[in-house]
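Every chain is numbered from 1 and lettered A, B, ... according to where its sequence line falls, protein lines coming before strand lines.
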Amino acid sequence: MPDMSDPFDLPFFDEPGGEPAPNPPARKAGGGIAARAMAARRGPQAQTPDYVSGLNPEQRLAVETTEGPVLVLAGAGTGKTRVLTTRIAHILATGRAYPSQILAVTFTNKAAREMKTRIGVLVGEAVEGMPWLGTFHSIGVKLLRRHAELAGLRSNFTILDTDDVIRLIKQLIQAEGLDDKRWPARQFAMMIDGWKNKGYGPKDIPEGDARSFANGKGRELYQAYQDRLKTLNACDFGDLLCLPIRMFREHPDVLAEYHRKFKYILVDEYQDTNTAQYMWLRLLAQRPKAERPTSPLRGGRAEGAGGGSLGTEGPPPLTPPLQGEGDAAASENRVNLCCVGDDDQSIYGWRGAEVDNILRFEKDFPGAAVIRLERNYRSTAHILATASHLIAHNEGRLGKTLFTEHSDPDASKVMVHAAWDSEEEARAVGETIEQLQRPDREGRRHNLNDMAILVRASFQMREFEDRFVTLGLNYRVIGGPRFYERQEIRDAMAYFRVVAQPADDLAFERIVNTPKRGLGETTIRQLHDIARARGVPMLTAAEDIVETEELKAKPRASLRNVVENFRRWQKMLDNTPHTELAEIIFEESGYTDMWKNDRSAEAPGRLENLKELIRSMEEYESLRSFLEHVALVMDTEQNAEQDAVTIMTLHSAKGLEYETVFLPGWEEGLFPHQRSLDEGGRSGLEEERRLAYVGVTRAKKNLHIWFVSNRRIHGLWQSTIPSRFLDELPEAHVDVAEAGSSYGGYGGAFAQGRGGNRQNPYGASRFDSVGSGNNAGSGSFSNTYATPGWARAQANKTAATDRNWGTRSGAGVERIGYGETDSQRGAGRGSVKTRTIEGELIAKSTMDTPSAFSVGDRVFHQKFGNGNVAAIEGNKLTIDFDKAGQKRVLDGFVTGV
DNA sequence: AAGCCGTGGATCATT
DNA sequence: TCCACGGCTT
């Protein structure tokens, strides 16, 4: 919600004069929050309010434990949002607080929107009276607009997007006389973001970080960046968190004001909080008398250099002991903080999220109630068991086990499928989807809207798209380039920004020569210099310079025109409807003409987007409030109108659910992603596993997991081995699909009914031979292994497996979760009936893929011809080719001669 | 101002 | 392999 035009709370539901609210609001006759609250008070224990009646006992506990710190561990599909919204409704209805005394934070705008809507439904009222429900960033903006001067800004400051930031940093790098190719601005922008996520100001960054960029001038550059932001009266996304923290630290009186104000604090997706967000929360949640002997805010953290201070001018003091509210009643000191999250769904560590925040909650907030929501309402028992079994392989969990009370005897097991390569994978998934779409015996069909393909990396999407286009299957991709990131939208926004904020130099620079007006680099540079020298905005500098002889006639006339345009539009700002003004700006600036004259394929779409932009502006009351909205809300609603399969990454699937979910690409290197393992080690692997857990728990009824044995990565075909995660699935709940008839993949099966599981703490999850009298598809596998691919896979695997058993296991390599049953292994190995999946053993026991070749082997490569193996590194061979010289190739591409 | 070429990079991606 | 970007040419 935009509230730039109304920087203060809507008075409507606000607490009278900021005084505490011991009593429910008595104003506002009829309906509404107040009336509900009154009703609730009339009969305190008389009856259960209907909003809690549908809750299960744990949920109800989470809703009704309003006082003191509470951690709600909400497993996937356990009604997390319901608890949060009901809890708020409960607080309101029982008169514990006014809407404006509740601080509720989410990570995404989508989550905030959903909560607003749902609270609205519960309390039967639009939730305009919840002014402090929003994302960390939007609440940060609100705080900063109120207290801008305390943060060194003016209250009409600009929020820069990533694009602006990069351009600004680039200028700074060049100004430092550094090579902007050697030191990419984008990279530095990311570093700054990382620092701000940790709450580091320029003074606080680790020496190593400072040295690693810009010839060791990292710190100076960061400082220069902050200075520049200040002069521009601007801040970046990180500042929206960091500046309020700094402000609270430096102005305890202001902080105390908010301590008095916020009676209840709620946090969604707590496992995703980063260090800065954590500090922010701690500041707001801590009460003067709370005992916090080891608060990290006081620099108690080992790695928190300089106490994690944020200052740009000198290390800010450690949080002073907060006093002055001394006489408040003890109950006033309770930290009524409720954090809701799921440590098992923490998948944003790479973005600075600290799972540790949630793991540490009970230590941080002594006496915290921890409530576990484990009753799952989403998935079948098979899917839940699969998810639980998988995630049990992680260490350092708070520990939850999802269960369901609804068992469906007809529920299908989780299916694992194998395909030869990714193309076949796409084809097979497409086929399955088409099959599901056909009406079943009872004439029901599966909607495409109820199916999703969740990939690990976005490059996987293309193959599915290609295939679906061929099939004429509707699909929608979530997470592509976003609306507000499109060039034409950014240009348009830049025009608006210069009109609304004449000092916005970055916006000015962006469009001063768009469309082309003959204002080239030299003119801009001149403007820039003048503006800097005089300390005025570039627009002002431009206004001055056109009155002089400094510019040549052409650019001078052109620039004069630009200045006149902007001055005119600025005058219209207050007395012209903003959508109308927008159209005028597009017309008069020549911006629409620019695209009309553009004959490229995208041009019509861009014009369409501009119209869409104007349409979306209608919802806002002013240009300013629209700008505020866009700065914070970078996404737009997806139109879910037509029936279509959804394709998206696992990351963007968090929080969603589908009847049927496809999880392709479960191969070592892709999932878990190699880079995660390289950079994150064990914790990287665990985060990947949580990602797998998120994927599995998205499915309500049907789950299909796929892996292929050949995948093209960076243009090279690589032979791959099944993901270790496959092996971590519980055999009792998983079936391996038989090879599909039409796509000639290879299949496999679980050994069922071995009853084993004894040696394995998790229960064996063993892909094994089918030749042991199990039921699954008896006898139907033997005819599908005629493809060359299968043969090759077998050959490679056998060699690798032998090597593996011969050396690695003997060398004490960890074999997680494997029952040691040699007889089974012996039976399976080498037999034709041993399914590919046994390749799993390799993934399990070794981190790399041993090659089937040895140094000195004579080999043949299709492209390079014959050669000798010179070195082996995993599955990568260095080969001296007779003709082509030395090359590094993957072992899958050569054959022994 | 448009087009060609060489280079580098290539998980996830909110605000 | 393939794309995007920057620098260069025309």
Side-chain angles (χ1 to χ4, degrees), chain A residues 105-112 134-141 159-166 170 179-182 184-187 189-190 193-194 196-197 235-242 268-269 272-274 276-277 346-353 422 454-463 478-482 484-485 487 513-518 520-521 594 597-600 628-635 648-655 665 669-680 684 687-688 690-692 694-695 711-718 863:
Chain A
V105 239
T106 65
F107 275 82
T108 62
N109 290 294
K110 196 176 156 205
T135 62
F136 277 99
H137 292 83
S138 68
I139 289 168
V141 175
I159 302 159
L160 303 185
D161 66 26
T162 329
D163 222 50
D164 297 321
V165 169
I166 290 170
K170 192 164 179 181
D179 180 1
D180 63 338
K181 274 174 76 180
R182 175 131 184 252
R186 177 174 292 278
Q187 194 191 329
M190 277 166 51
D193 199 53
K196 289 189 176 174
N197 282 161
C235 65
D236 62 19
F237 281 119
D239 287 337
L240 299 181
L241 296 174
C242 291
D268 190 16
E269 305 279 15
D272 287 340
T273 46
N274 61 38
Q277 285 157 336
S346 162
I347 55 174
Y348 286 108
W350 53 274
R351 212 163 65 183
S422 44
L454 311 180
V455 299
R456 174 63 182 82
S458 48
F459 74 82
Q460 293 173 261
M461 293 179 180
R462 220 189 84 188
E463 241 145 348
I478 309 277
R482 286 176 303 167
Y484 290 111
E485 283 170 5
Q487 185 192 339
N513 197 32
T514 309
K516 302 280 178 232
R517 302 186 173 98
E521 210 186 322
M594 178 179 105
N597 297 332
D598 187 313
R599 283 181 297 111
S600 68
E628 180 90 337
H629 165 82
V630 173
L632 294 172
V633 182
M634 296 296 290
D635 62 346
M648 65 180 142
T649 62
L650 285 161
H651 281 91
S652 38
K654 192 163 78 152
L670 177 60
F671 196 30
H673 200 283
Q674 192 56 47
R675 218 164 133 175
S676 277
L677 303 181
D678 292 347
E679 288 169 14
E687 184 155 310
E688 293 286 299
R690 291 193 292 267
L691 195 52
V694 167
R711 188 173 291 278
R712 205 157 65 163
I713 296 171
H714 305 333
L716 284 177
W717 280 101
Q718 295 199 194
K863 201 164 153 196

Who are the side-chain contact (heavy atoms from CB on, under 4.5 Å) partners of A/A189, not counting sequence neighbours?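 By the side-chain contact (heavy atoms from CB on, under 4.5 Å) rule, A/A189 matches A/V165, A/I166, A/I169.
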Can you list the residues that meet the side-chain contact (heavy atoms from CB on, under 4.5 Å) rule with A/Q487, with sequence neighbours excluded?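 If we apply the side-chain contact (heavy atoms from CB on, under 4.5 Å) test to A/Q487, skipping adjacent residues, the hits are A/D491, A/R510, A/W595, A/R606.
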Gap between atoms [atom1] and [atom2], on [X] and [N] respectively (whole Å):
{"X": "A/Q187", "N": "C/dC5", "atom1": "CD", "atom2": "P", "value": "17 Å"}
{"X": "A/R711", "N": "C/dT1", "atom1": "CZ", "atom2": "C1'", "value": "15 Å"}
{"X": "A/I166", "N": "C/dA4", "atom1": "CD1", "atom2": "P", "value": "16 Å"}

Specify whether A/H651 and A/W350 have parallel, tilted or perpendicular ring planes, treating 30° as the upper limit for parallel and 60° as the lower limit for perpendicular. perpendicular
Results of ring-ring contact (aromatic ring centres under 6.0 Å, His included) for A/F107 - residues two or more places apart only: A/F136
Encode nucleotides 4-14 of chain B as B, S and - characters from 5' to 3', where the letter depends on protein heavy atoms closer than 4.0 Å: B to the base, S only to sugar-phosphate, - to neither. ------BBBBB
Rounding to the closest angstrom, what is the interatomic distance between C/dC3 and B/dT14 at atom C1'? 25 Å
Expressed as a whole number of Å, how far does the P atom of B/dA13 sit from that of C/dC2? 23 Å
All side chain to side chain donor-acceptor pair (under 3.5 Å) counterparts of A/S346, not counting sequence neighbours: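 If we apply the side chain to side chain donor-acceptor pair (under 3.5 Å) test to A/S346, skipping adjacent residues, there are no hits.
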Considering residues at least two apart in sequence or located in another chain, which fulfil the side chain to side chain donor-acceptor pair (under 3.5 Å) criterion with A/T108?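 Side chain to side chain donor-acceptor pair (under 3.5 Å) list for A/T108, sorted by chain: empty.
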